[in-house]
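Just follow the structure's listing: the first ligand is 1, and inside any ligand the first atom is 1.
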Amino acid sequence: MKHMRDDIKEIFLSEEQIQNRVKELADELCEKYRDKNPLVICVLKGASMFMMDIIKQMDIPLEIDFMAVSSYGSSDKSSGVVKILKDLDKPVEGRDMIIVEDILDTGLTLDYIIRLLWERKPESISVCALLVKEKKEQIRNFEIDYTGFSVRDEFVVGYGLDYNEKYRNLPYIGVLKDEVYSH
Ligand code: 5GP
C-alpha cells in the first residue's frame with residue numbers, strides 16, 4: 001500500500017503547529033468581524049482545508065463563497081497567467097470580505113483577484129494567507145492582513161497544497177523528496 005508520508009522529505013509545519021495558528025487567526029478575525037457578517041472567500045483548491053478549519057473556529061455570523069483560478073497547472077513553476085475558472089455566486093457590493101488563500105508566492109494570483117473584486121465595490125477586503133514565501137520578487141500592491149507563517153522559498157505540499165493534484169490530504173505541510181519529481 002502506498003503511503004503519502006513516504007514521499008515527504010521533511011515536515012515543515014506539523015498538524016499541531018498549523019491548528020494552533022489557525023485558532024489564533026480565527027480569534028483575530030472574530031474580534032474584527034464580530035458584527036459585520038463577513039463574506040469569507042476560499043480560493044480553490046489549495047485554501048480549502050485552511051478555510052474550513054478557520055471558519056469552524058469562528059463563532060460569529062458569516063457567509064462563505066468559493067472562487068477558482070488557474071495557477072500552476074501541473075508543473076511547480078508559476079505560469080504568470082491567471083484565469084477565473086469559477087466565479088463567486090453572488091454580488092459582493094457593500095460586503096466586508098475576507099479572502100482566504102493558501103500561499104503567497106509571486107503574489108500574482110492574489111493581486112489579480114483583489115483588483116477584480118475591488119471593481120465590484122465591496123465595503124472592505126482583507127487577506128488571510130496561510131503561508132507567505134520569503135522571496136525578493138513578489139507583487140505587493142496589497143496588504144496581507146493575516147499571515148499564518150512565513151516560509152522559505154521552496155515548493156511545499158500538504159494541508160490543501162498539491163503537486164500534480166496529490167498530497168492535498170496531508171494534515172501537515174512538507175517538502176517532497178527529490179525522486180518524486182523525477183517520476
Ligand atoms: P502566486 O500567484 O502567488 O505565485 O501563487 C499562487 C498559487 O500557486 C498558490 O495559491 C498555490 O496554489 C500555488 N503555489 C505557490 N507556491 C506553491 C507551493 O510551494 N506549493 C504548492 N503546492 N503550490 C504553490
Does [X] reach ligand 1, in the sense of a heavy atom lying below 4.0 Å from it?
{"X": "K45", "answer": "no"}
{"X": "E154", "answer": "yes"}
{"X": "Y163", "answer": "no"}

Identify, by atom number and element, the atoms of ligand 1 in contact range of [X], meaning under 4.0 Å from any of its heavy atoms.
{"X": "D162", "value": "21 (C), 22 (N)"}
{"X": "L161", "value": "21 (C), 22 (N), 23 (N)"}
{"X": "K133", "value": "16 (N), 17 (C), 18 (C), 19 (O)"}
{"X": "T109", "value": "1 (P), 2 (O), 5 (O), 6 (C)"}
{"X": "E101", "value": "10 (O)"}
{"X": "T106", "value": "1 (P), 2 (O), 3 (O), 4 (O)"}
{"X": "F155", "value": "17 (C), 18 (C), 19 (O), 20 (N), 21 (C), 22 (N), 23 (N)"}

- Message: Taking M49 as the starting point, is it possible to reach I55 by hopping between hydrophobic residues whose side chains are less than 4.5 Å apart?
- Response: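 In one cluster: yes.
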- Item | Test applied, side chain to side chain contact (heavy atoms under 4.5 Å, CB included); reference residue, L116; option that passes from I84, D111, L88, V69 |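 Of the listed options, the one satisfying the test is I84.
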- Do V156 and ligand 1 have an N or O pair less than 3.5 Å apart?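 N/O-N/O distance under 3.5 Å: yes.
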- Query: Polar-atom distance check: L110 versus ligand 1, any N or O pair below 3.5 Å?
  - Reply: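 Between L110 and ligand 1, no N or O pair is found under 3.5 Å apart.
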What pairs of donor and acceptor atoms, side-chain ones from residues 120-129 against any protein atom, are under 3.5 angstrom apart with sequence neighbours left out?
residue	atom	partner	partner atom	Å
R120	NH1	D87	OD1	3.0
R120	NH2	D87	OD1	3.2
R120	NH2	D87	OD2	2.7
S124	OG	D96	OD1	2.5
S126	OG	Y33	OH	2.6

- Task: Give a yes or no on whether the ring-centroid distance for Y181 and Y163 is below 6.0 angstrom.
- Result: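 Yes.
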- Message: Give me the atom names and distance for the closest heavy-atom approach of I98 to P38.
- Response: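 Reported closest heavy-atom pair: CD1-CB, 3.9 Å.
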- Item | Between Y159 and D53: side-chain donor-acceptor atoms closer than 3.5 Å |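 Indeed, the side chains of Y159 and D53 share at least one donor-acceptor pair under 3.5 Å.
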- With a 4.5 Å limit on heavy-atom distance, are the side chains of D178 and K9 in contact?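 Yes; the side chains approach each other to less than 4.5 Å.
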- Is there side-chain contact between L176 and I8, with at least one heavy-atom pair below 4.5 Å?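 Side chain of L176 against side chain of I8, heavy atoms only: contact under 4.5 Å found.
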